[in-house]
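For the single chain, residues carry numbers from 1 onward in sequence order. Remember, predicted model here, so these are calculated numbers, not experimental data.
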Amino acid sequence: MALAPDRLDRFARQIILPEIGGAGQVALANAHVALVGLGGIGSPALQYLAGAGVGCFTLIDDDGVSASNLQRQMLYGEGDVGAPKRAKAAAWLREFDRQLEVETFGEHVDAGSAGRAIAGADLVLDGTDNFATRLAVSDACVAAGIPLLSAAVARFQGQVAAFAGHRAEEPCYRCFVGDAFDADDCDTCAENGILGAMAGWVGSFAAMQAIRVLLDGHAGFGDPQWGRLHILDGIVPGMKTIRIAKDPDCRVCG
């Protein structure tokens, strides 16, 4: 696949990076990313992935825009309150770049629907705010052989990690959190609070890590960093990385 002249011009600042180049840009154009959750993490991640030239998106969210979202979800405005997030995000995407493909999925994501939601994706980026959904998405990714990029944020801390539990030597998200949270939601932003810029940092970092996964085998920037959990601290600005081990007793990927 060759890039048309207008696409070469659009992505020139990115193609000139030797770690990406023309081959990397073509790989991004051919990539399909499913975003689960279009909130504080999913919104900036979508914008930066679209800006990078990812060619196809599945937008997965069953929630509507609320006034309290506007503090950190810059994809939406006051006139969007009450509208489905997936519809508004799809409209933004089509306006931003008419050549990108977009489909939406509006069912609640659980063990019964997660597989259908992510079908056909090359990568799933999960930015949801509860463990039950995250585990359902992770299990579906393992079953379908799709890599998972998981991102979370609360207050002044964020976490981003890439999982490939379908590979014999790599952990899945369930290896990280265990089975205890299948039926329990974690605390929400309404309970703990969140700085909007912190969500933006985590979302943009998740987009960069997603690009790493998508470029694996295509460009020098392609380092998936499987099983490495990056912890972002906004109080004393910094980041640390820990390694997540595969659980040999994991009931999904062990």
Side-chain angles (χ1 to χ4, degrees), residues 19 33 35-52 61 63 65-78 80-81 85 89 123-135 137-138 147-164 171-182 184-213 221 223-245 247:
E19 295 84 358
V33 174
L35 283 98
V36 189
L38 298 165
I41 293 172
S43 296
L46 172 63
Q47 291 174 304
Y48 276 106
L49 289 173
D61 199 303
D63 198 10
V65 180
S66 67
S68 64
N69 296 152
L70 304 181
Q71 166 253 3
R72 63 195 178 281
Q73 300 176 25
M74 306 307 172
L75 197 61
Y76 314 112
E78 290 183 346
D80 300 326
V81 172
K85 289 183 179 179
L123 172 67
V124 174
L125 196 164
D126 185 349
T128 55
D129 62 359
N130 68 86
F131 284 114
T133 302
R134 288 176 173 275
L135 286 166
V137 170
S138 174
L148 170 66
L149 200 290
S150 179
V153 63
R155 296 177 60 83
F156 297 93
Q157 188 180 89
Q159 299 180 352
V160 179
F163 297 95
C172 72
Y173 180 76
R174 189 176 288 276
C175 294
F176 173 41
V177 302
D179 298 332
F181 296 104
D182 278 292
D184 295 328
D185 288 350
C186 57
D187 295 336
T188 66
C189 294
E191 297 167 319
N192 286 335
I194 185 170
L195 181 68
M198 190 71 212
W201 183 20
V202 174
S204 59
F205 185 75
M208 188 169 70
Q209 295 303 95
I211 292 169
R212 289 185 189 275
V213 174
F221 194 63
D223 175 10
Q225 302 184 354
W226 304 128
R228 280 180 249 176
L229 177 71
H230 304 284
I231 302 171
L232 290 67
D233 187 351
I235 290 288
V236 181
M239 183 186 302
K240 64 180 178 180
T241 302
I242 62 175
R243 183 83 185 191
I244 300 168
D247 180 1

How long is the span from the CD1 atom in Ile41 to the CG atom in Asp129, to the nearest 0.5 Å?
->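 Nearest 0.5 Å value for the CD1-CG distance: 9.0 Å.
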Spacing of CG belonging to Leu75 relative to CG belonging to Asp80, to within rounding of 0.5 Å =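 Between Leu75 CG and Asp80 CG, I get 8.0 Å after rounding to 0.5 Å.
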What's the shortest heavy-atom distance between [X] and [Y], and which atoms?
{"X": "Gly42", "Y": "Leu35", "result": "O-CD2, 3.6 Å"}
{"X": "Arg72", "Y": "Ala199", "result": "CB-CB, 4.3 Å"}
{"X": "Met74", "Y": "Gln71", "result": "CE-O, 3.5 Å"}
{"X": "Ile211", "Y": "Ala52", "result": "CD1-CB, 3.7 Å"}
{"X": "Ile244", "Y": "Pro171", "result": "O-CG, 3.4 Å"}
{"X": "Leu125", "Y": "Ala210", "result": "CD1-CB, 4.3 Å"}

Would you give me the side-chain donor-acceptor pairs under 3.5 Å for residues 43-51, sequence neighbours excluded?
{"from": "Ser43", "atom 1": "OG", "to": "Leu38", "atom 2": "O", "distance (Å)": "3.1"}
{"from": "Ser43", "atom 1": "OG", "to": "Gly39", "atom 2": "O", "distance (Å)": "2.7"}

Should Val36 and Val124 be marked as a side chain to side chain contact (heavy atoms under 4.5 Å, CB included) after you check the CA-CA gap, both sets of side-chain angles, and the distance that decides it?
-> CA-CA 7 Å; Val36 189; Val124 174; 3.7 Å; yes
Student check: side-chain heavy atoms of Phe176 and Asp247 closer than 4.5 Å |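 With C-beta onward as the side chain, the pair stays apart.
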Between Asp126 and Leu148, is any pair of side-chain heavy atoms under 4.5 Å apart?
->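 A side-chain contact exists here, since the closest heavy-atom pair is under 4.5 Å.
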Please lay out, stage by stage, how Gln225 and His230 fare under the test side chain to side chain contact (heavy atoms under 4.5 Å, CB included).
-> CA-CA 10 Å; Gln225 302 184 354; His230 304 284; 2.8 Å; yes
Between side-chain atoms of residues 149-163 and protein atoms elsewhere (two or more places apart, or another chain), which donor-acceptor pairs fall under 3.5 Å?
{"from": "Ser150", "atom 1": "OG", "to": "Arg134", "atom 2": "NH1", "distance (Å)": "2.8"}
{"from": "Arg155", "atom 1": "NH1", "to": "Asn192", "atom 2": "O", "distance (Å)": "3.2"}

Start with the C-alpha gap between Met239 and Asp233, add the side-chain angles, then the distance that decides, and say whether side chain to side chain contact (heavy atoms under 4.5 Å, CB included) holds.
-> CA-CA 6 Å; Met239 183 186 302; Asp233 187 351; over 6 Å; no
Without swapping roles, check the side chain of Arg228 against the backbone of Pro224 for a donor-acceptor pair under 3.5 Å.
->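 The answer is no, because no donor-acceptor pair under 3.5 Å joins these two groups.
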Ser204 (side chain) donor-acceptor with Trp201 (main chain) under 3.5 angstrom =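 Side chain of Ser204 to backbone of Trp201: a pair is present.
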Take Asn69 and Lys85 through the test side chain to side chain contact (heavy atoms under 4.5 Å, CB included) and record every step on the way to the result.
-> CA-CA 10 Å; Asn69 296 152; Lys85 289 183 179 179; 3.3 Å; yes
